[in-house]
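Read the structure below first, then the notes.
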Amino acid sequence: QVQLVESGGGLVQPGNSLRLSCLASGSTFSNYGMGWFRQVPGKEREFVASVSWSAYVSNYADSVKGRFTISRDNTKNTVYLQMTSLKPEDTAVYYCAKGRTLLAGRELSAFDSWGQGTLVTVSS
């Protein structure tokens, strides 16, 4: 069973950047696509970005396209989310997720393991 541990969240001012990391253990990391989702209280968890097993394919939500970049290092069992030009509406708990397949899915159902989440707060 895979374990996912996110890190890198915190308080950041609008317009600044932050990088989230997710360390995976307990499974062959390079066999799966990986993703990032986020959730605010009272709302459904929403897709942010995903990357295929080889990092050859990535997908982004329209709200973050051009500002966020997902990447992965299979030698370190880690997936990253580089966030730039942050906005207050990016404030949420960010979750790392393991895909069911090699591909980069977008739906919640395409992922079967989740981390505990890391809080990102964008505020002046």
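Because the structure is predicted, anything quoted here is derived from the model rather than measured. The figures here come from the full heavy-atom set of this structure, side chains too, leaving out hydrogens, waters and symmetry mates. In this chain, residues are counted from 1 in sequence order.
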Legend entry - Cluster check I70, W53: I/L/V/M/F/W/Y, side chain < 4.5 angstrom: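 They do not share one cluster, since no chain of ILVMFWY contacts under 4.5 Å joins I70 to W53.
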Legend entry - hydrophobic_cluster_shared for L23 and L4, side chain cutoff 4.5 Å: no
Legend entry - More than 12 heavy atoms of other groups within 6.0 Å of E89 CD: yes
Legend entry - Other residues, nucleotides, ligands: >12 heavy atoms within 6.0 Å of Q3 CD: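 Yes - once you tally the heavy atoms of other residues, nucleotides and ligands closer than 6.0 Å, there are more than 12.
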Legend entry - K98 to Y32 six-membered ring, cation-pi geometry met (6.0 Å, 45°):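 So K98 does make the cation-pi contact.
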[X] versus [Y], closest heavy-atom pair with distance:
X	Y	result
V2	S27	CB-CB, 3.9 Å
Q39	A92	O-CB, 3.5 Å
A55	R72	CB-CG, 3.9 Å
G105	A110	CA-CB, 4.1 Å
V40	T91	CG1-O, 3.0 Å
Q82	S17	NE2-CB, 4.0 Å

Does [X] use its side chain to pair, donor to acceptor, with the backbone of [Y] at less than 3.5 Å?
X	Y	value
N77	F29	no
R106	Y60	yes
T84	R67	yes
Q116	V5	no
Q13	S124	no

Inset, instruction - Could you go through the side-chain contact (heavy atoms from CB on, under 4.5 Å) check for S123 and L11 one step at a time? - result: CA-CA 7 Å; S123 175; L11 173 64; 4.2 Å; yes
Heavy-atom distance under 4.5 Å between the side chains of [X] and [Y], does that happen here?
X	Y	result
L18	F68	no
R38	S63	yes
S7	T118	no
M83	V12	no

What's the spacing between [X] [atom1] and [Y] [atom2] if we round to 0.5 Å?
X	Y	atom1	atom2	result
D112	Q1	CG	CD	9.5 Å
S50	L81	OG	CG	11.0 Å
S30	D73	OG	CG	11.0 Å
N16	S85	CG	OG	9.5 Å
Y56	L103	OH	CG	14.0 Å
N74	M34	CG	CE	10.0 Å

Legend entry - Residues that, via side-chain heavy atoms closer than 4.5 angstrom, fall in one hydrophobic cluster with Y80: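 Members other than Y80 - counting any ILVMFWY side chain reachable under 4.5 Å - there are none.
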Inset, instruction - Quick one: name the residues clustered hydrophobically with F111, using the 4.5 Å side-chain heavy-atom rule over I, L, V, M, F, W, Y, and just say none if it's on its own. - result: F37, F47, V93, Y95, L108, W114, L119
Legend entry - K87/D90 ion pair, N-O < 4.0 Å: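 The answer is no: the pair does not qualify as a salt bridge.
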Inset, instruction - Can you sort out the partners of R19 under salt bridge (charged side-chain N to carboxylate O under 4.0 Å, His left out), two or more places apart, ordered by chain and number? - result: none
